[in-house]
Structures are given as C-alpha cells and as structure tokens.
Amino acid sequence: MDNNDLYTDTVSEIKKSYKELGYSLGWSFLGCSKNNIQENSSIGLITLNPGGNIYSEPLASFENGNIYSHEDWNGKGEGQEPLQLQIQHLFSQLLPHLNNYKDATLLMNQSLIGYFIPFRSPTYKDLSNQQEAIRISKTIWSNIISKSNLSRLICIDRITFNALDDILRNVNGFHLVASSNMKTGWGKITASVNHYKSNTSQISLTRLPHLSRYKIFNRAESQSAVENIIKESTRY
C-alpha cells in the first residue's frame with residue numbers, strides 16, 4: 001500500500017466507523033494537506049479529538065496550509081485563537097533546532113497535523129463509545145506511523161500520549177530508551193518527553209499540557225522551562 005492508498009483507506013475507515021458508532025456531530029482527520037502523509041513529514045502534531053456541540057461538515061484534510069495558521073476559529077481571524085497562537089509559538093521554538101527549515105509557518109504546513117480520535121464531541125467526556133473509538137484510532141495511527149518517516153510526535157493531552165506510547169512500544173517495534181518528566185513553569189503542571197529506538201530508526205514523543213488552558217509559550221515565567229522541553233524533545 002502506498003501512502004496515497006493509506007490516506008484513502010483511512011478516510012473510508014473513519015466514515016464507516018462514524019456511522020457504525022452512531023456519531024452525529026461530524027468528524028475531522030487531518031489539519032494539514034493529505035500530501036503530508038504521502039511526503040513523509042518528520043513532525044507529527046496529534047491532538048485528541050475535534051470539539052464542538054453542533055454538527056460540522058466532515059473534514060478529511062485541510063488543503064490551504066494548516067488549521068492553526070490558516071483557519072478562522074470563531075470569527076477572530078485566521079490563526080488568532082489562543083490555541084492556534086500557542087501552536088504557532090511551539091513551531092517557532094522548534095525551528096532553530098531543525099535543519100532545512102527557515103520559516104515556522106512552512107514547517108507547520110509540511111508537518112503531519114491531525115486528530116487522534118477523528119469524531120467530534122463537545123468534550124472528550126461527552127464522546128460516546130470511547131473505548132471503541134480509541135481502539136479504531138490506535139489502528140489508524142499505528143498504520144500511519146509504521147509507514148512514515150516521523151521522527152518527532154507531539155501531543156497536548158495524556159490520552160493521546162498514552163495511546164501513542166502504546167503504539168510505539170507494542171505495535172511498531174520501538175523500545176523506550178529515555179523518559180523525562182519536565183517542569184513547565186506553571187506550578188505543578190508538567191510535560192513529558194520519551195525517546196524510542198527501533199532497529200532502523202528513532203522517534204521522540206512529547207506531551208505538553210493542553211495549550212488552550214496552560215499557555216506556556218511566549219510566557220516569561222515559562223521561558224526557561226519551555227526551552228528545556230524543546231531541547232530535550234530535539235536532542236536526537
């Protein structure tokens with residue numbers, strides 16, 4: 001299966017599961033171009049699931065850049081919601097540690113951005129059939145990760161972090177070689193960085209606090225802690 005088939009088959013599975021599990025608020029898969037699966041992006045930003053309490057048209061991919069820079073949320077203008085701005089700051093801080101990129105927006109446009117669970121709900125607690133949704137989503141992302149050249153995965157919640165950790169250690173042949181629990185400069189709120197290796201490659205998995213609530217980027221009190229997290233996540 002080439003990566004074009006992988007995208008097509010994944011969207012078909014999402015549509016099928018959405019119907020079978022009885023969801024009604026819509027679904028979203030990628031917050032970037034579908035080409036980012038085909039072109040083997042090195043960075044993956046995977047968030048939990050799309051939020052909302054009213055139906056939204058399904059979004060298989062976002063072909064006009066990425067949802068954090070180029071989508072207008074709640075009429076505030078493209079990229080102006082607090083979470084969008086935090087993600088932009090995240091990529092700006094990643095930029096100096098990566099080769100071949102000189103622009104953070106370009107880096108975001110070429111990264112694999114998506115939802116771990118594609119099915120929309122007001123909150124995760126409101127999502128019905130959670131365990132089946134997680135099982136399906138782990139299969140989807142296991143297939144994607146196993147066929148990718150991803151070297152860094154980033155998430156902003158523990159559910160996605162634990163699922164991706166399970167995928168890497170139990171499905172895709174990686175083993176954990178280092179794990180750090182790190183301060184964020186926001187009280188007792190922490191971040192985590194895991195490093196994994198397989199026989200042929202290595203990958204890091206970083207969990208940040210949810211950036212819509214804990215706005216640690218571009219915040220003086222968190223500057224030193226954030227720099228340490230970025231350094232740890234990019235040290236291989």
Side-chain angles (χ1 to χ4, degrees), residues 31-32 36 40-48 66 68-69 83-116 141-142 144-146 148-169 172-198 200-236:
C32 63
N36 292 8
N40 290 317
S41 302
S42 62
I43 296 178
L45 173 65
I46 315 301
T47 54
L48 182 54
N66 70 85
Y68 296 108
S69 298
L83 178 57
Q84 292 177 302
L85 293 170
Q86 284 289 295
I87 296 297
Q88 292 169 35
H89 291 316
L90 162 63
F91 277 82
S92 292
Q93 293 212 221
L94 283 169
L95 192 66
H97 300 270
L98 305 173
N99 297 325
N100 303 323
Y101 291 99
K102 297 182 179 180
D103 179 85
T105 301
L106 178 62
L107 175 60
M108 293 175 73
N109 288 347
Q110 295 182 356
S111 295
L112 185 58
I113 293 172
Y115 293 102
F116 173 63
W141 284 101
S142 176
I144 292 171
I145 293 169
S146 66
S148 75
N149 286 328
L150 289 165
S151 57
R152 311 189 196 289
L153 289 169
I154 303 168
C155 59
I156 58 173
D157 70 276
R158 293 182 183 275
I159 295 167
T160 303
F161 178 81
N162 290 337
L164 293 175
D165 173 69
D166 187 54
I167 287 170
L168 290 170
R169 290 208 264 187
N172 283 309
F174 287 89
H175 61 277
L176 184 68
V177 295
S179 181
S180 302
N181 201 42
M182 307 187 71
K183 295 180 179 179
T184 64
W186 196 303
K188 296 181 179 180
I189 302 302
T190 62
S192 300
V193 182
N194 287 358
H195 294 282
Y196 309 81
K197 288 186 178 180
S198 70
T200 58
S201 60
Q202 56 192 30
I203 190 168
S204 67
L205 171 61
T206 300
R207 178 194 57 80
L208 301 169
H210 202 292
L211 298 176
S212 62
R213 180 175 181 182
Y214 303 105
K215 302 174 181 64
I216 61 175
F217 288 94
N218 208 31
R219 176 178 183 265
E221 296 89 341
S222 296
Q223 181 177 349
S224 177
V226 165
E227 289 176 355
N228 289 336
I229 295 167
I230 295 296
K231 287 179 182 178
E232 177 62 23
S233 67
T234 57
R235 70 183 173 97
Y236 289 119

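Sequential numbering from 1 along the given sequence is applied to the chain's residues.
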Task: Trace of the side chain to side chain contact (heavy atoms under 4.5 Å, CB included) decision for L85 with F217 - done: CA-CA 9 Å; L85 293 170; F217 288 94; over 6 Å; no
Would you check if the side chain of [X] reaches a backbone N or O of [Y] as a donor-acceptor pair within less than 3.5 Å?
X	Y	answer
S198	S201	yes
R169	L176	no
N218	Q86	no
S41	N36	yes
S142	I167	no

Apply side-chain hydrogen bond (donor to acceptor under 3.5 Å, both in side chains) to [X] and list each qualifying residue two or more places apart in sequence or on a separate chain.
X	result
R158	none
S212	H210
S192	N181, R207
T160	D157

State the [atom1]-[atom2] distance between [X] and [Y], to the nearest 0.5 angstrom.
X	Y	atom1	atom2	result
I230	L94	CD1	CG	4.5 Å
I43	L153	CD1	CG	10.0 Å
L208	I229	CG	CD1	6.0 Å

Taking only residues two or more places apart in sequence or in another chain, which ones pass ring-ring contact (aromatic ring centres under 6.0 Å, His included) with [X]?
X	result
H195	Y236
Y214	W186
Y115	none

TODO: Indicate yes or no: at least one non-hydrogen side-chain atom of Y68 is less than 4.5 angstrom from one of T47.
DONE: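 Contact flag for Y68/T47 side chains = yes.
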- [ ] State, with a plain yes or no, whether a side-chain heavy atom of Q88 is found less than 4.5 Å away from one of Q84.
- [x]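 The answer is yes, as the side chains (C-beta and beyond) meet within the 4.5 Å cut-off.
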Open item on the list: Between L45 and S111, is the side chain to side chain contact (heavy atoms under 4.5 Å, CB included) condition met? List the steps.
Closed with: CA-CA 7 Å; L45 173 65; S111 295; 6.0 Å; no
- [ ] For atom NZ of K215, decide whether the heavy atoms of other residues, nucleotides or ligands shown that lie under 6.0 angstrom number more than 12.
- [x]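 Yes.
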- [ ] Could I get the full list of salt bridge (Lys or Arg N to Asp or Glu O under 4.0 Å) partners for D166, not counting sequence neighbours?
- [x] K138
Open item on the list: For R213, give me all partners under salt bridge (Lys or Arg N to Asp or Glu O under 4.0 Å), at least two apart in sequence or on another chain.
Closed with: none
- [ ] Considering non-hydrogen atoms only, spot the tightest contact between N194 and F161 and give its length.
- [x] ND2-CZ, 3.5 Å
Task: Closest non-hydrogen atom pair, N66 against T105 - done: ND2-O, 4.3 Å
[X]: partners by side-chain contact (heavy atoms from CB on, under 4.5 Å), with sequence neighbours left out:
X	answer
Q110	Y101, L106
E221	R219
S180	M182, E232

